[in-house]
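First the proteins, then the strands, lettered A, B, ... as listed; each starts at 1. Values below: every heavy atom of this structure, side chains too, minus hydrogens, waters and symmetry copies. This structure is a prediction, so every number in the text was calculated from the model and none was measured.
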Amino acid sequence: MNREAVTKEKICTAPKSKTGMPIMHCPGCHYGIIIRVICEVIDEMGIEGDVVGLTSVSCSGPWAYSFYFDSALCPHGRSPAMGTAIKRIHPDAIVFTVQGDGDLGAIGLGCFMNALLRAEKLTTILLNNGTYGMTGGQMSPTTLLGMRTTTTSEGRDYRVTGFPLHAAELVASMKGVAYSARCTVHTPANFQKAKRAVRTAFQKQIDGVGYSFVEFLSACPPIWGVSPVEALKFISEKMMAEYPLGEFKNVDSIL
Amino acid sequence: MVKGEISINEALCKGCGLCVYHCSRGCITLSAEKLSPSGMPLASFINAEKCTACCVCAWLCPDFAIEVYKYTDVS
């Protein structure tokens, strides 16, 4: 082989809309992969000049440091309300909110449901890891039945703490919603499917159809008490049994 | 011929081992001797002749620590 006839080309590196800031999450946390999904989709669509990212009170709070585009931290579940304000002042902006399961399903459920009922042209990305990872592993609305957390030490019992929240199915039943899907990033194929889902969600907002929603199942190895590789198995066996993947709604007109 | 190569940023790698799990060619291993500046075990690139530059390790690295290079024979 002629060594001089071989070219070396960089084919995969960090996306352009991701800053050089190191990821602040625990080893094995899937949130870094979800940052890559969002940033790669924004790069491929060429919308980094118009997009506004709203993070929330969860481990996704410091994501504002990782984004090269406009972003803001909206604590305690108020991202859809702030997104509504931004969208009404700047109708051309592409606004997405990133919310954890506790942020969206517990403290911010009111703001979220009202934004859905108003059929705001927003995109919400839900990060579902089944626990309050940031505050030390308490039970969250999406904790699986029988799962042990610091506040359900015998496992979650539906007679005491109720049933898990299926956000993607709930959102799909609302009239103002254009797109609702659930995906994971625990295998390469699902990574590509997740990119397609996020791209479709952004496209629904750009086309002005309605609310778009993507739920990610993600791992929290330190709180689950498993290794990062065992957490992948936990997702495919336990999480996906309770939360099936797929698109639940994909319409071109909400009327 | 060698098709691909990866470089691992030792300042960013936290040693979670996801790249080792996802690499179907066995090109990455967690080295026991070497530690990162923050005290984590480091992933290192082995079996360079098997790498096909498929980019799966870079996609699924949560810490953006992996860059993938592809060799192309232009002759």
Non-hydrogen atoms of B:Leu12 and A:Pro22 that approach each other most closely: CD2-CB, 3.8 Å
Atom of B:Leu60, atom of A:Ile33 and distance for their closest heavy-atom approach: O-CD1, 3.6 Å
- prompt: Should the pair A:Lys10 and B:Tyr69 be classed as cation-pi, given the thresholds of under 6.0 Å to the six-membered ring centre and 45° from the axis?
  reply: no
task: Measure the NE2-OH distance between A:His186 and B:Tyr21 for me, rounded to the nearest 0.5 Å.
output: 8.0 Å
Heavy-atom check, side chain of A:Leu232 versus side chain of B:His22, under 4.5 Å: yes
statement: Taking every heavy atom of B:Val56 against every heavy atom of A:Pro188, the minimum-distance pair comes out as CG1-CG, 3.5 Å
query: With side chains defined as the heavy atoms from C-beta onward, is the minimum distance between B:Phe64 and A:Thr13 less than 4.5 Å?
result: no
task: Mind ranking A:Cys12, A:Gly32, A:Pro27, A:Pro228 by heavy-atom pairs under 4.5 Å with chain B and telling me who comes out on top?
output: A:Cys12
- prompt: Non-hydrogen atoms of chain B under 4.5 Å away: do they reach the side chain of A:Ser227, the backbone, both or neither?
  reply: neither
message: Quick check for you: to the nearest 0.5 Å, what is the distance between B:Trp59 atom CH2 and A:Glu40 atom CD?
response: 8.5 Å
message: Please check: side-chain N/O of A:Arg36 versus main-chain N/O of B:Ala58, any donor-acceptor pairing under 3.5 Å?
response: yes
query: Would a distance-only check, ignoring hydrogens and angles, find a side-chain to backbone donor-acceptor pair under 3.5 Å from B:Lys14 to A:His25?
result: yes
